[in-house]
Structure formats: C-alpha cells, structure tokens
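Below is one structure, written out as structure tokens, with a few remarks after it.
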Amino acid sequence: ELYSSTREREEDMSSFAPAAKRSKTGAKASENGEAFPDIGPIVYKPDAKADDLLCFRYYNAKEKIHGKTMEEWLRFSVCYWHTFRGTGADPFGYPTLIRPWEDGDNPMEIAKARMRAAFEFFSKLGIKYWTFHDRDIAPEGDTLEETNRNLDEISDLALELQKKYDIKLLWGTANLFAHPRYMNGAGTNPDPHSLAYAGAQVKKMLEITKKLGGVNFVFWGGREGYQTILNTDVKRELDHMAALFRMAVAYKEKIGFTGQLLIEPKPKEPTKHQYDYDAQTVIGFLKTYGLDGHFKLNIEPNHTTLAGHGYQHHVIMASKLGFLGSVDSNTGSPDLGWDTDQFPMDVKAATLVMKAVIEQGGLAPGGLNFDCKVRRESTDLPDMFFSHIGAMDTFARGLRNAVKIVDEGLLAAAIKMRYSGFDKGIGKKIEDGSASLEELEKYILEHGEPAVLSGRQEWYESLLNRYV
C-alpha cells in the first residue's frame, strides 16, 4: 500500500481531487448564510466605466442576436474542479487559495458547504450550467461502495440546488487520472483490474449524470497514452480503450441516458503522448473503431495550442467535419509548454470560435464551459467573479463580432470566390468524384499551365481586424 488511509492519499492528490483542509480564515459559510455576502447578482451595464468590473459590459443574456438570445448562443458553464476544488498549488509551491467554506474536519459536511457556495456563485454570476468530475463533489471512500454512497448523498444535494436556482448540468465526467490506480492509464491500463475499476466508475457517473439531467458526458484521457513506447503495446491499448467506450455506449442506452457522449483531445501532459492527440486524431480513432455515430468532441483551445495548432483550429476542424459538440473555453500562454488553463480574454480568438459556432447553428446540447482557474496569486474571493465576468464579456464581444461578419458576408463571399473554380467544369467533376486521372491530363494538355493566384492572406487579416 502506498498510503495508510484514503485520507492520507487524498492529501497528496492533484487539484482535481484535493483533500478538504481546515480554513485559516476564521470565516465559515453556514447552511443559511452566504459565501459571497459582499457581492450581489452581476448585471448588464453597457455604460459601465472601465474600472467597474463587477458587471457585464457586453454580455446581455436576454438580448436577441442573429435569431437567438446571447444566453442561448453562448451557453456558459462553470467548471467545479478549478473553481471550487482548485487550491493554487503547483509543482513548486503550496496551496494559496484558502476558501472559507473549506472549514471543518468532516469531508462530507465540507463537500455540502462547498456545493452550497458553488450554486450561490453560479446564481450570482447568472450562469445556467455547471460541470464536474465525480471526485470533485464527493470524497472517495475506502471502498467503491462507500465512494458511491458519498456520491449519491452529495448528488442529492446538487439536484436540490439545481431545482432551487434553476441551473442545469452541462456535463458530468469520471476522474480516471488522479488516483494511483490510474497511473498507467484507465481504458489503456495494462492491468485489466484497473480497467475494470474505471468501468465501474464510468457506470456510476453515467447514472449520476442522468440523475442530474446532464445533457452530455465527457471522456478526457489524461493517462490514456504512454511515457515510453518500449513498454507499450499501442494496438492493444487502443483496442481496450475502444472496448471501454463501447461499454459506455451500451450502458448509456440501457439506462436511457439521452445525453451526447464527448471525447476531449489533448496531445500530452500528464503523459508524454496521449492517444487523443488532436481533433483529427480522435475523429480517425472513432471512425476506425466504428464509434463515430456515438461520440462528438469537447474542444479545449489550450489543448489545441499544446498540439501545435492555432487557438481556433480544433473548433473549426471539428465543426466542419460534423464533430463539434462542446467547448472548454480557456486559453494558455503560447510561450509556455504546458496546460495553464487561463481565462479567455482574447476577443479576436473568441470571434473566430463564435463564427464557427454560428455557422453550425449553435453548440446545443454543448456549451462554453470555463475550464479555467484563477492564478495562484489571485487569492481574493472577488477574483473568482472578475475572471468569469471578463471571459463572458470576451465571448459576448466575440459573438457580436462574429454575427456582423456572418451577416455582412464579405469574408464568406471572398472564400467562395477563391474556390469558385470547383463550382463548374473540371473542378466540379473533381469535387463530385466523377473525374479521372486521364481527364485531368487531357485538361492540362488543352489548357496548359495554371495561373498563379494570390492567397491575399494580408487582405483577409485586415478584413478581420475591421470587425474586432
């Protein structure tokens, strides 16, 4: 045994499943009290001054734009793990985020206080969706039976609070990466005992997600990869991962869960190489194993940039191929080589993401989930609000910009013209698959060398800047 008790193990766990710690603040959020007593509901104030940051300047939830309200287009969600389980700890430093509701010695009572604080936060922010891992909301017990009882009890409270505040579950997921049993993977673990535990965990979380009315279920394979190819049978690991997904599909159908199953691509970290490297890799995997009719993708742009692509690449690629299901709206620092999960504050990037969302008609049943954490130096409770408000306003501006781009049609018209050669003649035959190599040779013999046509990259970039 690596640890003498579950409690001792939890104290060494990652920020995705940290142990409850006694608060050093002297404050405590009571069952009937407020966790954020000094902050009221966040409202839309289009004329707000630059330093008035506890309000929305661009996000107006009920404003109708391009046929839907902003709330319907954006479908904002708060993630539980970073926002309410994040401690500020990193590989070089101890926790810095000491929250008043993390007070006491009973993990279940702390979990309940934390849950009440979370729903107060969601409500005051005006967000209608939330997301969580199983281990975020309820402490793990010494047995699977105890763990599941804990999860049942806390999810009962979550259901009560969802009804009270009119908040819905965007998606649930199973934490199949933090516990030592998953150090060699979950669905790709070389030990079937560990894979079986992962299956049991997925089974329970599918039940909990259905119970809470969740509209999606996410798989993120943080440990589904390898550190060295020398000890890895890649084909068997991929086969086993596909087998776990097939079992999930079968159980989803058995219990009548109608939510969308999603896979979240990431190229690396914590493993050296993850099998769900990027959007096209995951789509290829799904098609290879005949799972493409059951899954879509949950795209996290910070993972996109870690894979060496531009911020919006995975969103656009998944959307154009019919696989965009939801977006974990965050960003990273391009100058760093790891997943920093920062709040998205780049209006141009948000504009391109929202353009893709508009062009596919929306994200529902997915949404824009803020898989983001305040910096470990941002230790005040209002920082939780500033970060989310700023990100929400950023995407609201991106939505407004994207609607204008789509409505005016200049960019679309330019792209259509660029590919207009495929609308007729030999181009049309190539596109519809009726052309042969012999015909292409004949065409060149008759028409000679093709003209050199400018891609006009700077014109397109300048056009985009007129909208942002």
Side-chain angles (χ1 to χ4, degrees), residues 1-23 31 79-82 84-87 89 95 99 101-119 130-162 169 171-187 189 191-212 214 217-220 222-223 244 247-248 251 255:
E1 288 290 330
L2 292 175
Y3 300 92
S4 61
S5 70
T6 297
R7 179 74 178 197
E8 182 182 343
R9 181 188 67 236
E10 283 186 344
E11 291 185 359
D12 284 335
M13 266 189 165
S14 74
S15 61
F16 282 95
K21 298 286 188 178
R22 177 173 289 278
S23 169
E31 181 173 347
C79 83
Y80 203 85
W81 55 99
H82 286 318
F84 284 90
R85 300 312 313 272
T87 65
R99 305 307 192 194
W101 48 84
E102 301 288 330
D103 185 66
D105 296 311
N106 185 320
M108 288 295 286
E109 291 307 310
I110 294 172
K112 292 174 184 178
R114 183 188 302 125
M115 183 70 69
R116 294 186 184 98
F119 274 84
W130 70 301
T131 59
F132 72 95
H133 302 81
D134 46 5
R135 302 301 179 252
D136 300 338
I137 66 170
E140 185 161 5
D142 291 323
T143 65
L144 181 63
E145 293 86 351
E146 181 186 351
T147 297
N148 287 347
R149 285 196 301 271
N150 291 344
L151 196 52
D152 286 335
E153 185 175 342
I154 299 301
S155 61
D156 285 344
L157 175 60
L159 184 59
E160 175 188 322
L161 293 170
Q162 284 187 176
L169 179 63
W171 52 258
T173 187
N175 182 327
L176 304 179
F177 50 87
H179 194 283
R181 73 174 70 92
Y182 299 128
M183 68 179 184
N184 291 310
N189 200 297
D191 180 7
H193 195 153
S194 294
L195 195 156
Y197 206 109
Q201 207 172 320
V202 168
K203 173 184 178 291
K204 184 62 177 179
M205 260 311 288
L206 281 168
E207 295 166 358
I208 295 295
T209 302
K210 179 178 184 289
K211 167 184 172 179
L212 295 176
F217 187 92
V218 169
F219 290 88
W220 174 63
R223 305 283 178 187
L244 180 60
M247 287 185 267
Y251 194 67
I255 65 174

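One is the number of the first residue; the rest follow in order along the sequence.
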Could you tell me the separation between the [atom1] atom of [X] and the [atom2] atom of [Y], rounded to the nearest 0.5 Å?
X	Y	atom1	atom2	result
Leu176	Arg181	CG	CZ	9.5 Å
Lys203	Leu144	NZ	CG	9.0 Å
Leu169	Ser155	CG	OG	10.5 Å
Thr131	Asp136	OG1	CG	8.0 Å

So do [Y] and [X] actually touch side chain to side chain, heavy atoms under 4.5 Å?
X	Y	answer
Asp152	Ile208	yes
Arg114	Arg85	yes
Arg116	Trp101	no
Phe84	Met115	no
Leu206	Ile255	yes
Thr209	Trp171	no
Thr143	Thr147	no

Please determine whether side-chain contact (heavy atoms from CB on, under 4.5 Å) holds for the pair Asp103 and Ile110, giving the CA-CA distance in whole Å, both sets of side-chain angles, and the decisive distance to 0.1 Å.
CA-CA 7 Å; Asp103 185 66; Ile110 294 172; over 6 Å; no
I'd like to know if Lys211 pairs up with Asp156 as an ion pair, taking the criterion as any Lys NZ or Arg NE/NH1/NH2 lying under 4.0 Å from an Asp or Glu carboxylate oxygen.
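A salt bridge is present here (some side-chain N lies under 4.0 Å from a carboxylate O).
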Under the salt bridge (charged side-chain N to carboxylate O under 4.0 Å, His left out) test, residues paired with Lys210 that sit two or more places apart:
none
Sequence neighbours left out, what passes salt bridge (charged side-chain N to carboxylate O under 4.0 Å, His left out) with Glu160? Give chain and number order.
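Here no residue qualifies.
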Can Glu109 and Lys112 be said to form a salt bridge (Lys or Arg N to Asp or Glu O under 4.0 Å), step by step?
CA-CA 5 Å; Glu109 291 307 310; Lys112 292 174 184 178; 3.7 Å; yes
Quick check: closest heavy atoms across [X] and [Y], and the distance to 0.1 Å?
X	Y	answer
Asn175	Gln201	O-NE2, 2.8 Å
Ala111	Tyr80	O-OH, 4.3 Å
Gly187	Leu195	O-CD1, 3.2 Å
Gly141	Glu146	CA-CD, 3.6 Å

May I ask you to check whether Trp81 and Phe132 place their ring centres under 6.0 Å from each other?
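Ring-ring flag for Phe132/Trp81: false, centres at least 6.0 Å apart.
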Report yes or no: is the cationic atom of Arg223 (NZ for Lys, CZ for Arg) closer than 6.0 Å to the six-membered ring centre of Tyr182, at no more than 45° off its axis?
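No, cation not above the ring by the 6.0 Å, 45° rule.
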On the 0 to 90° scale, with breaks at 30° and 60°, tag the Phe177-Trp220 ring pair as parallel, tilted or perpendicular.
perpendicular
Just to verify, which of Arg135, Arg149, Lys204 counts as forming a salt bridge (Lys or Arg N to Asp or Glu O under 4.0 Å) with Glu140?
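Answer to the salt bridge (Lys or Arg N to Asp or Glu O under 4.0 Å) test with Glu140 among Arg135, Arg149, Lys204: Arg135.
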Partners passing side-chain hydrogen bond (donor to acceptor under 3.5 Å, both in side chains) against Thr173 (at least two apart in sequence or in another chain)
none
Any sub-3.5 Å donor-acceptor pair from Asn189's side-chain atoms to Ala186's backbone N or O?
no
Can any side-chain N or O of Asp134 pair as donor or acceptor with the backbone N or O of Met205 at less than 3.5 Å?
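Not a single qualifying donor-acceptor pair exists.
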